[in-house]
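Sequence lines set the chain letters: A, B, ... in the order given, protein chains first and strands last, and positions in each chain run from 1.
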Protein chains: 2
Amino acid sequence: MDSGSHNSISPTEENYLKAIFKITAGAGLASTNAIAQEMETSPASVSDMIKRLSRKHLIDYEKWKGVSLTKEGRILAITLIRRHRLWEVFLVEKLHFAWDEVHEIAEQLEHIASEKLIERLDEFLGTPKFDPHGDPIPDAEGIFAKRKQVLLSELNALETGVIVGVHEHSTAFLQYLDRMDLVLGAVLKVQEIFEYDGSMRIELENKTSLVLSSKVSQHLFVQRQKP
Amino acid sequence: MDSGSHNSISPTEENYLKAIFKITAGAGLASTNAIAQEMETSPASVSDMIKRLSRKHLIDYEKWKGVSLTKEGRILAITLIRRHRLWEVFLVEKLHFAWDEVHEIAEQLEHIASEKLIERLDEFLGTPKFDPHGDPIPDAEGIFAKRKQVLLSELNALETGVIVGVHEHSTAFLQYLDRMDLVLGAVLKVQEIFEYDGSMRIELENKTSLVLSSKVSQHLFVQRQKP
DNA sequence: AATAATTTTTAGATTTGTCTAAAAGTTAGA
DNA sequence: TCTAACTTTTAGACAAATCTAAAAATTATT
Ligand SMILES: [Mn+2]
Ligand SMILES: [Mn+2]
Ligand SMILES: [Mn+2]
Ligand SMILES: [Mn+2]
């Protein structure tokens, strides 16, 4: 169950590990301030928590230097991400939640402690490789699926792509995409790119034509389609 | 969301409300000692918690007198029971857990706060009326399904009954029942009752004959079958 | 290099939930 | 009724997680 230290870990500690993983992208250093911002808490609280996580050997830490995850800490963080994304799949696929409604609930569900539960859930869902936002779901060994993807903004005129993920997870963005039928799996063709403001005109399969701001095209992941 | 008081309620507080509901069966008084036993904690801690719950108007309390749930506290307790039992159905029906494995996990899942989640789950499960142990699941208005049931020990010789629930939820008992094929829905006929120790011989549909101790027959709920 | 700005840590409080030990109140027995 | 047994409450401590304010260290600027 508790891979490594027999010390139990609280939901709060788990959230810190996830935050550090996110900041460091798995390896590298996270600053106190960056963690405080990610956790929406004060730097002083982060300093306290850093000591706790360090005592539990979940992070490496030297005063004034920033922190990095230990192997054990990284495994735990990836487990958390696996749980979070599997629950998101469950909420969307089985309970028919919209993709902008699931994050908050998964944020709670990810802390349910039962290895068997998550493996059964994975099986029940058909071992999905990506969550409803297109983010990869690490397998039981912690390996993330990889995929050739680029930002929509990197496509050139006349190129075709399939939407496979979002680079921003805000409710506002997700609801905007829904409204525009820019859902995962949608195929689009870039018609023209306006140098003036970086916006682009695209066409969907049903011939709908849309103009997307550069902010939108920079937050959508697509897979190039060779014609 | 928070029916009534805008004050948030912690998982611990929720567990206390469930304990008080269980002791009082919805109405009546619960003593400090009884709550301490149910919560597996000290009477001193219970005294502290009683003050907190009283301040939040979830229980009525006068020193030295014992506590009772307010309307709001009772609604919350029933909501918890609803969540717990719905999750147990999910774990058994969808994730194929055994009935003796689900309590601990449901004990965690019941604290996930999202009204929409539980209503969607209910729908997904087909609005079940009873959980895997035969306990009634209150509906969204807090109404428990009722059912004519008696303890197996109340049946007379030659009477027939269907197993509909258990009156004890220990792992040992549930696993014993599994081993004996005494599962929910099993039909049995009382063949004879031994006055010596109150044990009874029963026959299952597949003609298996078993002798059950009085301890077993006093912890199994059955529905009488008119022949 | 000296100073200013920023980042990080420490100090001291607070809330929640728990504990043990001791005091206070209630109930039951002789 | 008076004492014994019990239940319940209070007192005082502690760990987790947070906060604000202040001190210390680092980094950037002149
Ligand atoms: Mn999410
Ligand atoms: Mn996601
Ligand atoms: Mn249970
Ligand atoms: Mn149950």
Whole-Å distance, B:E62 CD to D:dT8 C1', equals 14 Å
Expressed as a whole number of angstroms, how long is the span from B:K51:NZ to D:dT8:P? 14 Å
Decide if the gap between the ring center of B:H133 and the ring center of B:H169 is smaller than 6.0 angstrom. yes
Short question: side chain of B:Q175, backbone of B:D100 - any donor-acceptor pair under 3.5 Å? no
For the pair A:W99 (side chain) and A:L174 (backbone), establish whether a donor and an acceptor sit closer than 3.5 Å, ignoring hydrogens and angles. yes
Between D:dA17, D:dT26, D:dC19, which nucleotide gets closest to the side-chain atoms of A:E13? D:dA17
Using modelled atom types and a 3.5 Å cut-off, is there a donor and acceptor pairing between side-chain atoms of B:R147 and backbone atoms of B:V164? yes
Just by distance, do the side chain of A:E38 and the backbone of A:I20 share a donor-acceptor pair under 3.5 Å? no
For A:D48 and D:dT20, what is the distance between atoms CG and C1' respectively, to the nearest whole Å? 13 Å
Is the shortest side-chain N/O distance from A:S10 to OP1 or OP2 of D:dA17 below 4.0 Å? yes
Is the distance from OP1 or OP2 of D:dA16 to the nearest side-chain N or O of A:R52 less than 4.0 Å? no
Does B:Y61 make a side-chain N or O approach to OP1 or OP2 of D:dT9 shorter than 4.0 Å? yes
Whole Å only: how far is the CD1 atom of B:I35 from the P atom of D:dT8? 9 Å
Give one of base, sugar-phosphate or nothing for B:T12, where a contact means two heavy atoms less than 4.0 Å apart. sugar-phosphate
Describe the nucleic acid contact of B:K65 in one word from base, sugar-phosphate, nothing, applying a heavy-atom distance below 4.0 Å. nothing
Find which nucleotide of DNA chain D each of A:S45 and A:W64 is nearest to by heavy atoms, and output the residue with the more 5' nucleotide. A:S45
Assign each of B:E40 and B:R55 the nucleotide of DNA chain C bearing its closest heavy atom; nearer the 5' end lies the nucleotide of B:R55
When all nucleic acid strands are considered with a 4.0 Å heavy-atom cut-off, which category describes A:T32: base, sugar-phosphate, or nothing? sugar-phosphate
OP1 or OP2 of D:dT8 versus the side-chain N and O atoms of B:S47: is any pair under 4.0 Å? no
Does B:Y16 have its ring centroid less than 6.0 Å away from the ring centroid of B:F21? no
Distance check needed: D:dA16 C1' versus A:I9 CD1, whole Å only. 13 Å
Would you mind reading off the distance between A:L53 atom CG and D:dA17 atom C1', rounded to a whole angstrom? 12 Å
Say whether, by atom type as modelled, one donor and one acceptor occur between the side chain of B:R85 and the main chain of B:D135 under 3.5 angstrom. no
Under 4.0 angstrom between B:N33 side-chain N/O and D:dC6 OP1 or OP2: no
Give a yes or no answer on whether the side chain of B:E13 reaches the backbone of B:S10 with a donor-acceptor pair at less than 3.5 Å. yes
Phosphate contact (D:dT18 OP1 or OP2) by A:Y16 side-chain N/O below 4.0 Å: yes
With a strict under 4.0 Å distance from non-hydrogen atoms of chain A, what nucleotide opens and what nucleotide closes the contacted stretch of DNA chain C, reading 5' to 3'? C:dT7 to C:dT10
Spacing of A:I50 atom CD1 relative to D:dA16 atom C1', expressed in whole Å: 16 Å
